[in-house]
Amino acid sequence: FASSPFGRCLVAQNPAGICRLSFPEAAEEEREWGALRQAWPQARLRRDDAAAARTAAAVFAEADPGEQRQTLRLLAQGTPFQVMVWQALLRIPCGTTLSYGQLAAALGRPTAVRAVAGAVAKNPIAFLIPCHRVLPASGAIGGYRWGQARKGAMLAWEKARPPQSGIQA
């Protein structure tokens with residue numbers, strides 16, 4: 001667990017990359033640790049808050065314009081459809097948003113809005129796989145697993161930042 005601009009986060013990684021990033025409230029931390037254990041049942045988990053702090057610092061680094069950010073590798077487990085949706089999320093430019101319908105259409109599945117929304121909701125790597133950039137057709141913030149206020153803060157934070165790059169999935 002580590003601090004972030006959006007509150008405390010759980011960041012988990014293995015040699016292949018970051019495999020989980022979430023923002024549980026203090027009362028949810030043990031449950032979130034259990035969800036990590038359930039998602040990776042064969043893994044030998046080791047809690048290392050110092051390593052998590054270093055990773056979080058890299059995730060939320062504010063690079064000077066023109067300075068290259070560290071490349072972050074991601075490892076997301078999901079169904080082929082979920083992975084397709086998460087890859088599409090990575091193509092949404094920082095500081096911009098899409099509706100669920102627009103995302104479904106971009107995937108060539110304009111009638112699969114509910115399935116796309118379900119895949120977005122199951123994203124295991126919050127912020128880095130930017131599910132927060134997807135909004136209801138109304139343009140309102142809409143729901144977010146980690147809270148509407150956090151989603152709004154993420155969108156505002158991104159709009160105020162220089163363009164980002166350097167994520168590999």
Side-chain angles (χ1 to χ4, degrees), residues 1-13 17-29 31-32 35-36 49 51-76 78 82-107 113-114 116-169:
F1 291 89
S3 295
S4 83
F6 311 109
R8 206 148 148 77
C9 66
L10 169 76
V11 59
Q13 61 186 5
I18 296 170
C19 57
R20 190 171 200 92
L21 179 58
S22 59
F23 297 92
E25 297 299 328
E28 300 175 316
E29 285 185 3
R31 185 171 48 113
E32 189 63 18
L36 175 64
D49 290 347
R54 289 189 299 275
T55 301
V59 167
F60 301 105
E62 294 185 44
D64 292 330
E67 181 181 318
Q68 187 69 10
R69 287 187 65 196
Q70 176 183 347
T71 297
L72 301 171
R73 293 181 309 160
L74 308 180
L75 178 63
Q82 289 170 333
V83 171
M84 179 180 67
V85 171
W86 300 336
Q87 287 173 335
L89 293 174
L90 290 168
R91 292 189 293 273
I92 302 172
C94 183
T96 63
T97 59
L98 286 180
S99 71
Y100 291 98
Q102 289 171 316
L103 182 58
L107 290 167
V113 176
R114 292 188 123 201
V116 166
V120 169
K122 293 201 183 305
N123 170 19
I125 307 174
F127 187 78
L128 289 174
I129 298 178
C131 54
H132 60 280
R133 295 180 189 159
V134 184
L135 305 175
S138 69
I141 292 291
Y144 186 57
R145 164 68 180 95
W146 309 112
Q148 288 181 329
R150 186 171 279 123
K151 182 175 182 174
M154 288 176 176
L155 292 170
W157 191 80
E158 285 186 341
K159 286 182 188 222
R161 300 285 169 272
Q164 298 178 16
S165 62
I167 296 175
Q168 294 179 346

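What's counted below: heavy atoms across the whole structure, side chains too, no hydrogens, waters or symmetry copies. Everything numeric here is computed off the predicted structure, so don't read it as measured data.
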At what distance, to the nearest 0.5 angstrom, does [atom1] of [X] lie from [atom2] of [Y]?
X	Y	atom1	atom2	result
Lys151	Phe127	NZ	CZ	14.0 Å
Leu135	Thr97	CG	OG1	4.5 Å
Gln13	Arg54	CD	CZ	8.5 Å
Ile141	Leu155	CD1	CG	5.0 Å
Cys19	Leu36	SG	CG	6.0 Å

With a 4.5 Å cut-off on side-chain heavy atoms, are [Y] and [X] touching?
X	Y	result
Val116	Val113	no
Ser99	Val134	no
Leu103	Leu89	yes
Leu21	Leu10	no
Cys131	Trp86	no
Val59	Ser4	no

Residues Leu128, Ile18; criterion side-chain contact (heavy atoms from CB on, under 4.5 Å); working and verdict: CA-CA 9 Å; Leu128 289 174; Ile18 296 170; 3.7 Å; yes
If we check salt bridge (Lys or Arg N to Asp or Glu O under 4.0 Å) with Glu25, which of these qualifies: Arg150, Arg145, Arg31? Arg150
Side-chain donor/acceptor of Gln148 to backbone N/O of Gly142, under 3.5 Å: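 Yes; judged by distance alone, with no hydrogens or angles, the pair exists.
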Might you point out which heavy atoms bring [X] and [Y] nearest each other, and give the distance in Å?
X	Y	value
Ile129	Ala76	CD1-CB, 4.1 Å
Phe60	Pro5	CG-CD, 3.4 Å
Ala56	Val11	N-CG1, 4.5 Å
Phe1	Pro24	CE2-CG, 4.0 Å
Gly95	Arg133	N-NE, 4.4 Å

side-chain contact (heavy atoms from CB on, under 4.5 Å) for Glu158 and His132? Distances and angles first, verdict last. CA-CA 11 Å; Glu158 285 186 341; His132 60 280; 2.9 Å; yes
Just say parallel, tilted or perpendicular for the rings of Phe23 and Trp146, cut-offs at 30° and 60°.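 Because their plane-to-plane angle is over 60°, the rings of Phe23 and Trp146 count as perpendicular.
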Step by step, work out the side-chain contact (heavy atoms from CB on, under 4.5 Å) result for Arg20 and Glu32. CA-CA 10 Å; Arg20 190 171 200 92; Glu32 189 63 18; 2.9 Å; yes
Show the numbers, then the answer: is there a side-chain contact (heavy atoms from CB on, under 4.5 Å) between Met154 and Tyr144? CA-CA 11 Å; Met154 288 176 176; Tyr144 186 57; 3.5 Å; yes
